[in-house]
**Student:** 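This is the structure, below, for whatever I ask next.
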There are 2 protein chains.
Amino acid sequence: MDVTQETLYLLKEKGIRVTPQRQAILEYLKHVDTHPNAEEIYAHIRTKFAGISLGTIYNSLNMLCDKGLIQELAYGDTFSRFDGNPMPHDHIVCDVCRKVVDYHGPLLDNLLDLAQQESGFAIKGYRLELHGVCPACQN
Amino acid sequence: MDVTQETLYLLKEKGIRVTPQRQAILEYLKHVDTHPNAEEIYAHIRTKFAGISLGTIYNSLNMLCDKGLIQELAYGDTFSRFDGNPMPHDHIVCDVCRKVVDYHGPLLDNLLDLAQQESGFAIKGYRLELHGVCPACQN
DNA sequence: TTACTTGCAAATCCTTTGCGGTGCC
DNA sequence: GGCACCGCAAAGGATTTGCAAGTAA
């Protein structure tokens, strides 16, 4: 199953009405390993759909987030980035160039149990963001 | 040394010009264990300085952040929260009422080493945000 | 004294919303 | 054919900035 077929299937499965714009946005996010913001997504989709508006980009992104097909990364910057992989995973941020890469580290189950006992919260999950300097910026 | 003396000392030590507004903001953040946003800080400081403006609140908060006296928590909401404790520590967020509490968990040194080897990044630190439901919202 | 701060207001940035027309199911 | 979606433009909330007047060092 190629990516176009897969995005089509995902959208239908979640009961999201399929439009060419949404397909293109989801497909783009599944392709790239950068974590683009709305503006970057807009710029790319516009090469295929010259008339698309930024409002539609935001509408689509919000819908895809709500339905769990993508995730929003709202870590510190003034804007959000979007990640085509909805599964929980960590991110490493370069403090120099602001690049964000995925990191699949060990699960912190012990820590969650401990926190739950100490805090009284019912812990559902966590978000871990590692900070550092990427190889390209270390010169 | 009381809190007023301490904030005075901290400001001078960092070479920050001391103004009553800044002292009040820093003192307030050192006192409270909530993690207020700019608007809440504004509302509180205004009870002492009727004429203070929101612009000054933001200016002061940015300066205090830059100098490392407080930290900004920009986790997901449309606005930032501020924490009077600049030392690294984790936070637990209630997904229902959005309350944020501090959590001093075990350090993730092993995980940082591992991530550094696998990613090639020079890892400097991390931010961990636990999500769940606070005791008051569990009913 | 003099450079840094303040208060105010306008501006900016990112994101959401309202509306008339269109296209997916 | 109906309802959800689109593009557009205007509104919205949070934060920043410019400027004249005030104040800490």
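All chains are named by letter (A, B, ...) in the order of the sequence lines, taking the proteins before the strands, and each is independently numbered beginning at 1.
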**Student:** Expressed as a whole number of angstroms, how long is the span from B:M63:CE to D:dT16:P?
**Tutor:**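 That distance rounds to 13 Å.
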**Student:** Below the 4.0 Å mark, does C:dT15 have OP1 or OP2 next to a side-chain nitrogen or oxygen of B:T78?
**Tutor:**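 No, outside the criterion.
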**Student:** Could you state the atom-to-atom distance from NZ of B:K67 to P of C:dT5 in whole Å?
**Tutor:**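 After rounding, the gap between these two atoms is 9 Å.
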**Student:** For residues 42-50 of chain B, which side-chain N or O atoms pair as donor and acceptor with protein atoms under 3.5 Å away, sequence neighbours left out?
**Tutor:**
| from | atom 1 | to | atom 2 | distance (Å) |
| --- | --- | --- | --- | --- |
| B:Y42 | OH | B:R46 | NH1 | 3.4 |
| B:T47 | OG1 | B:H44 | O | 2.6 |

**Student:** Take atom CG of A:L73 and atom P of C:dT15, then tell me their distance rounded to the nearest Å.
**Tutor:**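 My rounded result for the distance is 12 Å.
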**Student:** Test for a donor-acceptor pair under 3.5 Å between the base of D:dC5 and the side chain of A:R17, counting only N and O atoms.
**Tutor:**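 No such pair is found, so the answer is no.
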**Student:** Output all residues satisfying side chain to side chain contact (heavy atoms under 4.5 Å, CB included) with B:V18, sequence neighbours left out; order by chain, then residue number.
**Tutor:**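 For B:V18 the side chain to side chain contact (heavy atoms under 4.5 Å, CB included) partners, ignoring immediate neighbours, are B:L8, B:L11, B:K12, B:Q23.
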**Student:** Could you note down all residue pairs passing ring-ring contact (aromatic ring centres under 6.0 Å, His included) where residues 113-139 of chain B supplies at least one of them, sequence neighbours left out?
**Tutor:**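 Passing the test, one end in residues 113-139 of chain B: no pairs.
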**Student:** Taking atom P of D:dG7 as reference, at what distance in whole Å does atom CD1 of A:I57 sit?
**Tutor:**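 So the CD1-P distance, A:I57 to D:dG7, works out to 8 Å.
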**Student:** So if I take the C1' atoms of five pairs at each end of the helix from C:dT1-D:dA25 to C:dC25-D:dG1 and get each local axis, what angle do the two axes make, rounded to 10 degrees?
**Tutor:**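 If I round to tens, the end axes sit 40° apart.
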**Student:** Report the residues that fulfil side chain to side chain contact (heavy atoms under 4.5 Å, CB included) with A:K14, sequence neighbours left out, ordered by chain and then residue number.
**Tutor:**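 Once residues adjacent in sequence are excluded, the partners of A:K14 under the side chain to side chain contact (heavy atoms under 4.5 Å, CB included) criterion are A:I16, A:K67, A:L69.
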**Student:** Please collect all ring-ring contact (aromatic ring centres under 6.0 Å, His included) contacts where either partner lies in residues 80-107 of chain B, sequence neighbours excluded, each pair once.
**Tutor:**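 Listed by first then second residue: B:H35-B:H91, B:H89-B:H91, B:H89-B:H104.
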**Student:** Using a cut-off of under 3.5 Å, enumerate the N/O to N/O pairs linking the protein to nucleotides 16-22 of chain C.
**Tutor:**
| from | atom 1 | to | atom 2 | distance (Å) |
| --- | --- | --- | --- | --- |
| C:dT16 | OP2 | A:N62 | ND2 | 3.0 |

**Student:** Are side-chain N/O atoms of B:T56 and B:Q21 paired as donor and acceptor at under 3.5 Å?
**Tutor:**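 There is no such pair (donor and acceptor under 3.5 Å, judged by atom type) between the side chains of B:T56 and B:Q21.
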**Student:** Take the protein atom CZ of B:F49 and the nucleotide atom P of C:dT6, then report the distance between them rounded to whole Å.
**Tutor:**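 B:F49 atom CZ is separated from C:dT6 atom P by 10 Å.
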**Student:** Just to verify, what does B:D77 make a salt bridge (Lys or Arg N to Asp or Glu O under 4.0 Å) with, not counting sequence neighbours?
**Tutor:**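 With sequence neighbours excluded, B:D77 shows a salt bridge (Lys or Arg N to Asp or Glu O under 4.0 Å) to B:R81, B:R98, given in chain and number order.
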**Student:** Can you check the B:I52 CD1 to C:dC8 P distance for me, whole Å?
**Tutor:**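 For the pair B:I52 CD1 and C:dC8 P, the rounded distance is 10 Å.
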**Student:** Considering heavy-atom distances to DNA chain D, does B:P20 or B:F79 have its closest nucleotide positioned more toward the 5' end?
**Tutor:**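 With B:P20 and B:F79 compared, the 5'-side residue is B:F79.
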**Student:** Rounding to an integer number of Å, can you tell me how far B:L11 CG sits from D:dA25 C1'?
**Tutor:**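 Rounded to the whole Å, the gap is 14 Å.
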**Student:** With sequence neighbours left out, write down each residue that passes side chain to side chain contact (heavy atoms under 4.5 Å, CB included) with B:T78, or none if nothing qualifies.
**Tutor:**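 By the side chain to side chain contact (heavy atoms under 4.5 Å, CB included) rule, B:T78 matches no residue at all.
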**Student:** Determine: side-chain N/O of A:T19 to OP1/OP2 of D:dA4, distance under 4.0 Å, yes or no.
**Tutor:**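 For A:T19, the contact criterion (side-chain N or O under 4.0 Å from OP1 or OP2 of D:dA4) is not met.
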**Student:** Does C:dG23 have OP1 or OP2 under 4.0 Å away from a side-chain N or O of A:Q21?
**Tutor:**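 False: A:Q21 side-chain N/O out of range (4.0 Å or more) of C:dG23 OP1/OP2.
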